[in-house]
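No hydrogens, no waters, no symmetry mates; every other heavy atom, side chains included, goes into these values. In this text, all values refer to a predicted model and were calculated from it rather than measured experimentally.
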Amino acid sequence: ENKSSFQFNWEGPAEKEGKFHGKGNVSFDDGGETCGVWKHGIRNGKSTTSCPDKNIKLLVGEYKNGKLVGPGRIVYNNDETLECNFRDGCLHGMARLLTSRRKLSWVGRYCNGMPCGVCWKILTGGGYITG
């Protein structure tokens, strides 16, 4: 029985109970895709994900016990890139946003998935705004 509201196709090994186990690829009906390693149905290790409907062209990171941890990168559909850190599956720590031409456009910190503290938005033509 599929308890997920997502329709998907799994390409990879599975345990008798149907849990993903090993390196594989999940393709979703909405065009998204996840490639990585699962252990007993839980994502572990390096993984890439795309979710065009959520403005994510590519998310690269490492999973431990099903949660993103450590350094990662999110490339948005407009080719801007957020170089960031994850803790317990959330954006957490220093991050910087680069334009599609790899120019710095934002620097700040995330706390539990939300920007927090002082952040800097770099202005085109020079200068910045802090807040």
Side-chain angles (χ1 to χ4, degrees):
E1 174 182 333
N2 182 3
K3 296 180 183 177
S4 172
S5 61
F6 298 102
Q7 296 299 313
F8 63 87
N9 181 44
W10 166 251
E11 295 177 25
E15 296 177 326
K16 289 180 185 177
E17 301 84 22
K19 293 180 181 179
F20 304 165
H21 190 72
K23 188 173 184 177
N25 182 51
V26 180
S27 301
F28 297 96
D29 285 351
D30 67 0
E33 184 175 71
T34 297
C35 301
V37 177
W38 282 257
K39 291 182 182 178
H40 309 294
I42 299 172
R43 207 170 342 179
N44 276 287
K46 293 183 180 182
S47 179
T48 61
T49 299
S50 67
C51 188
D53 286 353
K54 301 291 183 190
N55 191 32
I56 297 174
K57 183 186 276 188
L58 180 67
L59 183 151
V60 178
E62 183 157 348
Y63 282 80
K64 287 188 181 172
N65 296 317
K67 294 182 180 182
L68 278 165
V69 295
R73 180 170 44 99
I74 302 170
V75 180
Y76 297 102
N77 289 341
N78 66 0
D79 289 324
E80 289 183 332
T81 301
L82 183 66
E83 295 177 343
C84 54
N85 287 283
F86 294 95
R87 185 176 80 181
D88 291 329
C90 288
L91 287 167
H92 195 86
M94 292 301 295
R96 68 180 184 170
L97 183 66
L98 305 173
T99 68
S100 60
R101 295 183 179 206
R102 305 278 305 152
K103 293 189 182 235
L104 185 64
S105 68
W106 182 89
V107 175
R109 185 171 167 234
Y110 279 85
C111 297
N112 300 315
M114 299 296 294
C116 65
V118 177
C119 301
W120 294 265
K121 176 158 178 53
I122 313 305
L123 302 174
T124 303
Y128 57 90
I129 298 173
T130 63

Val107 reachable from Leu82 in the ILVMFWY side-chain graph, under 4.5 Å edges: no
Phe20 and Trp10 aromatic ring geometry - parallel, tilted or perpendicular at 30°/60° bounds: parallel
Asn77 side chain to Pro52 backbone, donor-acceptor under 3.5 Å: yes
Show me the donor-acceptor pairs, under 3.5 Å and distance only, between side chains in residues 30-41 and residues at least two apart or in other chains.
from, atom 1, to, atom 2, distance (Å)
Asp30, OD1, Gly32, N, 2.9
Glu33, OE2, Asn25, ND2, 3.3
Thr34, OG1, Thr49, OG1, 3.4
His40, ND1, Glu15, OE2, 2.3

Linked, directly or transitively: Ile74 and Val60 (ILVMFWY side chains, under 4.5 Å): no
Spatial distance of atom CG (Leu58) from atom SG (Cys51) [nearest 0.5 Å]: 12.0 Å
Leu59-Ile42 co-clustered via ILVMFWY side chain contacts under 4.5 Å: no
Identified side chain to side chain contact (heavy atoms under 4.5 Å, CB included) partner of Glu80 from the options Val75, Asn55, Leu97: Leu97
Student check: side-chain heavy atoms of Lys103 and Leu98 closer than 4.5 Å: no
Arg73 vs Thr81, side chain to side chain contact (heavy atoms under 4.5 Å, CB included): CA-CA, chis, key distance, verdict: CA-CA 7 Å; Arg73 180 170 44 99; Thr81 301; 3.5 Å; yes
Enumerate donor-acceptor pairs with a distance under 3.5 Å from any side-chain N or O in residues 108-131 to protein atoms, sequence neighbours excluded.
none

Could you list the donor-acceptor pairs under 3.5 angstrom formed by side chains in residues 83-91, with sequence neighbours left out?
from, atom 1, to, atom 2, distance (Å)
Glu83, OE1, Arg96, NE, 2.5
Glu83, OE1, Arg96, NH2, 2.7
Glu83, OE2, Arg102, NH2, 3.3
Asn85, ND2, Met94, O, 3.3
Arg87, NH1, His92, NE2, 3.4
Arg87, NH2, His92, NE2, 3.3

Close side-chain approach of Lys57 to Asn78, heavy-atom, < 4.5 Å: no
